[in-house]
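This one's a predicted model, so the numbers in the text were calculated from it and none came from an experiment.
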Amino acid sequence: MAALLEQFDISEDKVREIVSHTIAGSDDGELYLEYREGEALLFDNGRLKTANFSTDQGFGLRAVAGEATGYAHSSEMSEAALLRAADAVSTVKNGYSGTLAAAPAGTNRKLYGDENPIAAPGFEEKARLLQEIDSWLRDRDPRVRQVTASLAASWQHVEILRADGHLARDIRPLVRFNVAVVVGDGDRQETGSHGMGGRKAFGEFLAEDSWQFAAEEALRQALVNLEAVPAPAGTFDIVLSSGWPGVMLHEAVGHGLEGDFNRKKTSAFAGLMGSQVAAKGVTVVDDGTIAERRGSLTIDDEGTPSARNVLIDDGKLVSYMQDRQNARLMGMKATGNGRRESYAHQPMPRMTNTYMTGGDKTPEEIIASVRKGIYAVSFGGGQVDITSGKFVFGCTEAYMIEDGKVTQPIKGAMLIGNGPDAMHRVTMIGNDMKLDNGIGMCGKAGQGVPVGVGQPHLRMNQMTVGGTRT
């Protein structure tokens with residue numbers, strides 16, 4: 001599509017003049033422009049329940065003066081709207097005189113294609129596929145009582161114009177496919193789910209072998225839970241599976257390594273740069289440069305190229321994730337982690353794809369080392385307090401480990417702990433690091449952005465487990 005700057009009812013030169021005048025005298029700022037298309041289909045309980053298509057377009061204008069920020073946004077691409085925004089934003093500079101920060105470095109790297117994933121397959125074909133998934137699962141097992149299948153896609157075009165005239169552009173596709181199943185036996189019902197996605201077209205996800213695998217996984221998890229017994233409560237050695245269980249690392253540790261929390265000293269990791277914050281062997285990375293991954297970005301929402309940032313190296317805290325404002329105030333460099341949900345939101349430090357790197361143990365060795373413990377294969381919801389690091393996570397698929405063997409599936413297991421403390425309880429790290437399948441969404445300060453998580457198999461000693469039996 002045409003450049004977003006051309007969508008204003010005034011010339012590009014006039015837009016540049018207004019932006020330059022508004023931000024002059026501040027430390028930083030930009031005009032962020034966005035055009036987005038979105039589509040979502042939900043097939044639930046034998047019928048197409050919702051089908052949405054939307055478009056949105058607008059701009060956000062920002063000036064940063066020290067710790068203060070002036071921000072205004074509008075969906076109206078007109079001179080009048082831009083001037084109103086400029087008036088509001090300029091008030092942050094009253095009595096302030098700053099030096100405009102240098103523009104981010106440019107990049108010729110492209111981590112994903114420009115293709116709009118909404119275009120193909122067409123709406124009717126998508127709806128037929130969701131119906132086929134429903135029928136296929138019901139034919140697989142008579143215990144299937146409900147099937148929910150969904151497809152979602154977006155196509156986002158952004159432009160970031162700075163006061164010095166530096167202009168960065170990015171076009172971002174994103175898709176997600178998800179299947180959830182409810183199975184029942186008498187009065188008992190249990191659920192299972194599986195999803196996939198990334199910054200690409202639907203292609204590979206909707207191939208027959210791919211959607212059937214996702215549907216089979218959702219059914220398998222639901223049937224495992226149908227046989228599960230109540231989880232015990234107490235203190236146990238825990239083995240975490242690879243891939244999606246990295247969501248616990250994301251929540252319990254990752255947020256605590258974002259620059260704003262550490263600058264304001266509200267993170268459990270504040271003031272610990274250079275300290276041993278995890279067991280030896282634990283290395284945590286945030287990497288926005290992995291091609292076509294859900295959390296990846298060619299450039300962040302301030303125009304900074306994304307990077308592979310090592311946060312914890314062999315247990316030692318070595319870096320935080322930074323946007324431009326917090327990096328400047330902390331005397332550090334921006335790391336490509338300035339993200340926002342849309343033009344209606346300000347950027348802040350956010351994760352991209354956050355994971356723990358692999359070690360030298362096989363998953364079999366790790367499980368065999370546990371006399372009595374719990375094997376957590378998948379997580380659902382959780383709660384984390386950034387300041388204290390305390391967390392609670394519910395397992396959606398888990399098993400007992402007895403004498404080094406995986407035995408009875410359990411339900412209702414809640415992992416309870418403290419992020420920094422839990423990182424010191426890691427005693428074995430698997431050689432099978434895996435990223436999740438591309439389904440993560442992260443919320444912070446009312447904003448949601450797509451992210452990736454990952455880890456290898458891990459053994460964590462003497463973790464607290466909440467359950468319903470002793």
Side-chain angles (χ1 to χ4, degrees), residues 36-43 48 51-53 109-137 139-140 147-157 170-181 192-221 241-247 287-298 306 352-355 377-378 432-442 449-455:
R36 184 192 298 262
E37 295 182 5
E39 183 183 66
L41 289 81
L42 175 67
F43 198 92
L48 187 62
N52 300 316
F53 175 79
R109 179 188 61 198
K110 189 70 177 161
L111 300 175
Y112 29 78
D114 293 344
E115 180 183 358
N116 187 339
I118 296 173
F123 177 84
E124 289 186 1
E125 187 177 346
K126 291 171 186 169
R128 279 197 302 270
L129 175 61
L130 295 179
Q131 185 172 27
E132 183 179 355
I133 292 168
D134 179 277
S135 299
W136 189 84
L137 275 166
D139 289 342
R140 298 290 285 181
V147 176
T148 304
S150 63
L151 294 169
S154 67
W155 188 74
Q156 181 192 30
H157 180 183
D170 197 19
I171 295 177
R172 303 166 179 169
L174 187 68
V175 300
R176 175 171 171 169
F177 163 59
N178 200 76
V179 183
V181 182
S193 65
H194 191 80
M196 303 178 290
R199 290 201 180 277
K200 55 178 75 175
F202 274 117
E204 68 186 71
F205 303 120
L206 302 189
E208 184 174 74
D209 60 343
S210 184
W211 70 253
Q212 286 184 0
F213 172 80
E216 192 73 67
E217 271 297 290
L219 177 59
R220 181 198 63 78
Q221 187 183 89
S241 185
S242 58
W244 178 246
V247 69
D287 190 353
T289 70
I290 309 171
E292 298 185 333
R293 295 300 305 186
R294 183 172 176 83
S296 294
L297 295 168
T298 298
S306 61
T352 57
N353 304 298
T354 311
Y355 58 91
V377 175
S378 186
D432 61 336
M433 201 293 288
K434 183 174 73 172
L435 294 171
D436 77 288
N437 295 315
I439 60 173
M441 280 295 292
C442 174
V449 295
V451 296
V453 302
Q455 66 174 44

### Query
What residues, two or more places apart in sequence or in another chain, satisfy salt bridge (Lys or Arg N to Asp or Glu O under 4.0 Å) together with E39?
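Only K126 meet the salt bridge (Lys or Arg N to Asp or Glu O under 4.0 Å) criterion with E39.
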
### Query
Considering residues at least two apart in sequence or located in another chain, which fulfil the salt bridge (Lys or Arg N to Asp or Glu O under 4.0 Å) criterion with E292?
K200

### Message
When you compare the side chains of N353 and S296, does any donor N or O come within less than 3.5 Å of an acceptor on the partner?
### Response
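The criterion, which ignores hydrogens and geometry beyond distance, is satisfied for S296 and N353.
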
### Query
Does a donor on one side chain sit under 3.5 Å from an acceptor on the other, for S306 and R109?
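The criterion, which ignores hydrogens and geometry beyond distance, is satisfied for R109 and S306.
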
### Query
Looking at R293 and D287, does any basic side-chain N land under 4.0 Å from a carboxylate oxygen?
no

### Query
Under 4.0 Å between a Lys/Arg side-chain N and an Asp/Glu carboxylate O for E217 and R220?
yes

Are any of the side-chain heavy atoms of [X] and [Y] separated by less than 4.5 Å?
{"X": "F205", "Y": "N437", "result": "no"}
{"X": "E204", "Y": "S210", "result": "no"}
{"X": "S150", "Y": "F177", "result": "no"}
{"X": "T354", "Y": "V453", "result": "no"}
{"X": "W136", "Y": "W211", "result": "yes"}
{"X": "K110", "Y": "Y112", "result": "yes"}
{"X": "S154", "Y": "R36", "result": "yes"}
{"X": "T148", "Y": "F43", "result": "no"}

If I take atom [atom1] from residue [X] and atom [atom2] from residue [Y], how far apart are they, to the nearest 0.5 angstrom?
{"X": "L151", "Y": "L129", "atom1": "CG", "atom2": "CG", "answer": "6.5 Å"}
{"X": "N178", "Y": "I133", "atom1": "CG", "atom2": "CD1", "answer": "10.0 Å"}
{"X": "L130", "Y": "L206", "atom1": "CG", "atom2": "CG", "answer": "8.5 Å"}

Would a distance-only check, ignoring hydrogens and angles, find a side-chain to backbone donor-acceptor pair under 3.5 Å from [X] to [Y]?
{"X": "T352", "Y": "G288", "result": "yes"}
{"X": "R199", "Y": "L111", "result": "no"}
{"X": "Q455", "Y": "Y355", "result": "no"}
{"X": "R176", "Y": "I439", "result": "yes"}
{"X": "D436", "Y": "G452", "result": "no"}

Show the nearest heavy-atom pair for residues [X] and [Y], with the distance to one decimal.
{"X": "A152", "Y": "F202", "answer": "O-CZ, 3.5 Å"}
{"X": "P117", "Y": "W155", "answer": "CD-CD1, 3.9 Å"}
{"X": "A214", "Y": "M196", "answer": "CB-CE, 3.8 Å"}
{"X": "A215", "Y": "V179", "answer": "CA-CG1, 4.2 Å"}
{"X": "P245", "Y": "S242", "answer": "CD-O, 3.3 Å"}

### Query
So L137 and V181, side chain to side chain contact (heavy atoms under 4.5 Å, CB included) or not? Walk me through it.
CA-CA 8 Å; L137 275 166; V181 182; 3.7 Å; yes

#### Entry: Derivation and outcome, side chain to side chain contact (heavy atoms under 4.5 Å, CB included), residues E37 and N116
CA-CA 9 Å; E37 295 182 5; N116 187 339; 3.0 Å; yes

### Task
May I have all residue pairs that pass salt bridge (Lys or Arg N to Asp or Glu O under 4.0 Å) and include part of residues 207-216, sequence neighbours excluded?
R140-E216

### Query
Given the rule in the side chain to side chain contact (heavy atoms under 4.5 Å, CB included) test, do R294 and L174 qualify, once you have shown the distances and angles that lead to the verdict?
CA-CA 7 Å; R294 183 172 176 83; L174 187 68; 3.8 Å; yes

